[in-house]
A.B. asks: 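Dropping the structure in here first, questions after.
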Amino acid sequence: MSNNNANLADIGLAGLAVMGQNLVLNMADHGFKVAVFNRTTATMQKFAAENPNTPGGLIPCVTLEELVKSIKRPRQVIILVKAGAAVDTIAGQLAALMQPGDIIIDGGNSQWTDTIRREKEYAAKGINFVGSGVSGGEEGARFGPSLMPGGSAEAWASLKPIWEAIAAKVDERTGQPLMGAAPGKPIIGGVPCTAYIGPDGAGHYVKMVHNGIEYGDMQLICESYWLMKLLLGMKAPEMSAVFSEWNQGDLHSYLIEITADILQQKDPANPRKYLVDVILDTAGQKGTGKWTSVNALDMGVPAPSIAQAVFARYMSAEKEKRVEASKQLKGPKFTYRGSKKGLIEAIRDALYCSKICSYAQGFNLMQKAQDEYHWKLNFGEIAMIWRGGCIIRAGFLQKIKEAFGRNPNLSNLLLDPFFKAKILKAQPNWRKVVSLAAEAGVPCPQFMSALSYYDSYRSASLPANLIQGQRDYFGAHTFERTDQPRGNFYHVDWPEPKRPMVMTAGAGK
């Protein structure tokens, strides 16, 4: 690692919670000297004392001024603090100490609109502001995350050597994550799971969509588990074996892998039980899935599967109300009497098809966002940097990369030849699972929503013509006609029964 001044750090980091500490150690393992600061000085001192001999070295700093002075120019400082006001506070304090050309990197889950505002604000002062998605949790931060930086090209050129060094790596040919990292012994070779996303808030936007897709993936896996449990009466270790088998095929992913692991864990408090069976069924969230769904509504992009995954978490939080309702509201009496092996195979196919739809919605959202915010996103590259390090890492993403390689202007993943063929083959099982779930009264909102999305997208005609008739009837909102060119709008003076109807050209929608 070349350094103009061995006494100065290559980069600084403020915010030494678990993610911050692990990211520092990752950078230090790759030979970068890191200046570190934490608002609580004792936390910083303890961290520095526990890691005295990292390959790159640490420079403990008691104040932000000391932190800034400890870094070579152009200074680069990562902030890992709670999204919102805390980012504005510490970024403002840093900027007051920095010089033109220096770089502030927000590595938290900030809302992309805040990042757009901050990038513009600091650019006026000559300071580069980078909003970078960091995905992979604590382990990813330590051994290789997926990194999604947005900001100026100038800032990316400075940050690139560090980001490419610390990012997760995948095999260039297969896209499979390269494993074997250990403290002080980083992976050598492979394709880094990072790339320049685009200007201002593009990096944080793509990270938000990643999280929305992650919500969808998790819900689909949970619905698969629930169907096996309720329709087939399978126990946790048996389901673990199924997920392990699925992880060897098309569904190979980090989330499938950890699901298999979770299902075989015994309860530490009672080893006769499996832990999953004693975990309360109320799911938490940090809000990024909601942001994705709200943004889809704001931009008019159909993303129902992602939204249903968010709503499913909201429903899970209604625990007390659900318990009370279960005493009063009854579902059907149903016993599955078909093939166990056949149903497991059908659930796998339903999961795969629904996953395609969920990702299609996420990529369509990014396609609309690039027009809305004047970005130019490389969707194949985005799929590539998600292949390792992040929570949704999966072999599936290699197929998405290949799809956009075949057609960079692909309007929907469902239209790619590979995915189209997969759904054509698997949709009978998909429909079977959704039908069985409805017949048995087993809630599967994600499976059902994804199938409805697929059927809606493949339909040349939908019943929205009646909606437009209703809107024109009660509000004179006008409508277009199937026998006239698009863009011509009409209004009808809707008559009382048996009175003549009068149609006029309309200007509105």
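If you read the sequence from its start, that first residue is 1, and numbering goes on from there.
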A.B. asks: Taking 4.0 angstrom as the limit, do R117 and D88 come out as a salt bridge?
C.D. replies: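 Salt bridge: yes.
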A.B. asks: Report the relative orientation of the aromatic rings in W112 and Y205; use parallel for angles under 30°, tilted for 30 to 60°, perpendicular for over 60°.
C.D. replies: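 Rings of W112 and Y205: perpendicular, over 60°.
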A.B. asks: Looking only at non-hydrogen atoms, find the nearest pair between N128 and S152 and report the distance.
C.D. replies: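 Closest approach of N128 to S152, heavy atoms only: OD1-OG, 3.0 Å.
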A.B. asks: Do you know which two heavy atoms are closest between P145 and L23, and how far apart they sit?
C.D. replies: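 Result for this residue pair: CG-CD1, 4.4 Å.
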A.B. asks: Backbone N or O of G284 within a donor-acceptor pair of the R313 side chain at under 3.5 Å?
C.D. replies: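 Side chain of R313 to backbone of G284: a pair is present.
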A.B. asks: Is the shortest side-chain N to carboxylate O distance from E65 to K69 below 4.0 Å?
C.D. replies: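 Salt bridge present between E65 and K69.
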A.B. asks: Tell me whether D200 is salt-bridged to K120, with the criterion being a basic N under 4.0 Å from an acidic carboxylate O.
C.D. replies: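 Salt bridge flag = no for K120 with D200.
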A.B. asks: What's the separation between atom NE2 in H252 and atom CZ in R393, rounded to the nearest 0.5 Å?
C.D. replies: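 Answer for the NE2-CZ pair, H252 versus R393, is 9.0 Å.
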A.B. asks: Find out whether C193 and W386 are in side-chain contact, i.e. whether some heavy atom of one side chain is under 4.5 Å from a heavy atom of the other.
C.D. replies: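 The answer is no; the side chains never approach within 4.5 Å.
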A.B. asks: Heavy-atom count check: over 12 atoms from other residues, nucleotides or ligands less than 6.0 Å from E245 CD?
C.D. replies: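 At most 12 heavy atoms, drawn from other residues, nucleotides or ligands, come within 6.0 Å of this atom.
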A.B. asks: How far apart are the closest heavy atoms of G405 and P408, and which atoms are they?
C.D. replies: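 Minimum heavy-atom separation between G405 and P408: O-CD, 4.4 Å.
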A.B. asks: Run D217 and Y359 through side chain to side chain donor-acceptor pair (under 3.5 Å) and show every step you take.
C.D. replies: CA-CA 9 Å; D217 273 352; Y359 279 69; 2.7 Å; yes
A.B. asks: Please check if any side-chain donor atom of Q367 sits under 3.5 Å from a side-chain acceptor atom of D371, or the reverse.
C.D. replies: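 No - no donor-acceptor pair under 3.5 Å links their side chains.
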A.B. asks: In the structure I gave you, are the side-chain heavy atoms of Q45 and P60 within less than 4.5 Å of one another anywhere?
C.D. replies: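 SC-SC contact between Q45 and P60 ruled out.
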A.B. asks: Do Y225 and F243 have ring centres separated by under 6.0 Å?
C.D. replies: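 Centroid distance Y225-F243: not below 6.0 Å, so no.
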A.B. asks: Answer yes or no: does atom CZ of F311 have more than 12 heavy-atom neighbours from other residues, nucleotides or ligands under 6.0 Å?
C.D. replies: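 For F311, atom CZ is not crowded (no more than 12 foreign heavy atoms under 6.0 Å).
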A.B. asks: Are the side chains of V87 and V81 in contact, using a 4.5 Å heavy-atom criterion?
C.D. replies: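 Heavy-atom side-chain distance check passes, below 4.5 Å.
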A.B. asks: Side chain of Q361, backbone of S305: donor and acceptor closer than 3.5 Å?
C.D. replies: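 Yes; at least one donor-acceptor contact below 3.5 Å.
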A.B. asks: Under 3.5 Å, side chain of S244 to main-chain N/O of S240, donor-acceptor pair present?
C.D. replies: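 Checked: pair present.
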A.B. asks: Closer than 3.5 angstrom, by distance alone: can the side chain of Q264 be matched with the main-chain N or O of P237 as a donor-acceptor pair?
C.D. replies: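 Pair absent, no side-chain N/O of Q264 close to backbone of P237.
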A.B. asks: Can I get a per-line list of side-chain donor-acceptor pairs under 3.5 Å for residues 156-167, giving both atom names and the distance, sequence neighbours left out?
C.D. replies:
from: S158; atom 1: OG; to: Q76; atom 2: OE1; distance (Å): 3.2
from: W163; atom 1: NE1; to: S132; atom 2: OG; distance (Å): 3.0

A.B. asks: In this structure, are over 12 heavy atoms from other groups packed under 6.0 Å from R406 atom CZ?
C.D. replies: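 More than 12 within 6.0 Å, yes.
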A.B. asks: Is the count of non-hydrogen atoms from other residues, nucleotides or ligands lying under 6.0 Å from Q99 atom CD greater than 12?
C.D. replies: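 Above 12, so yes.
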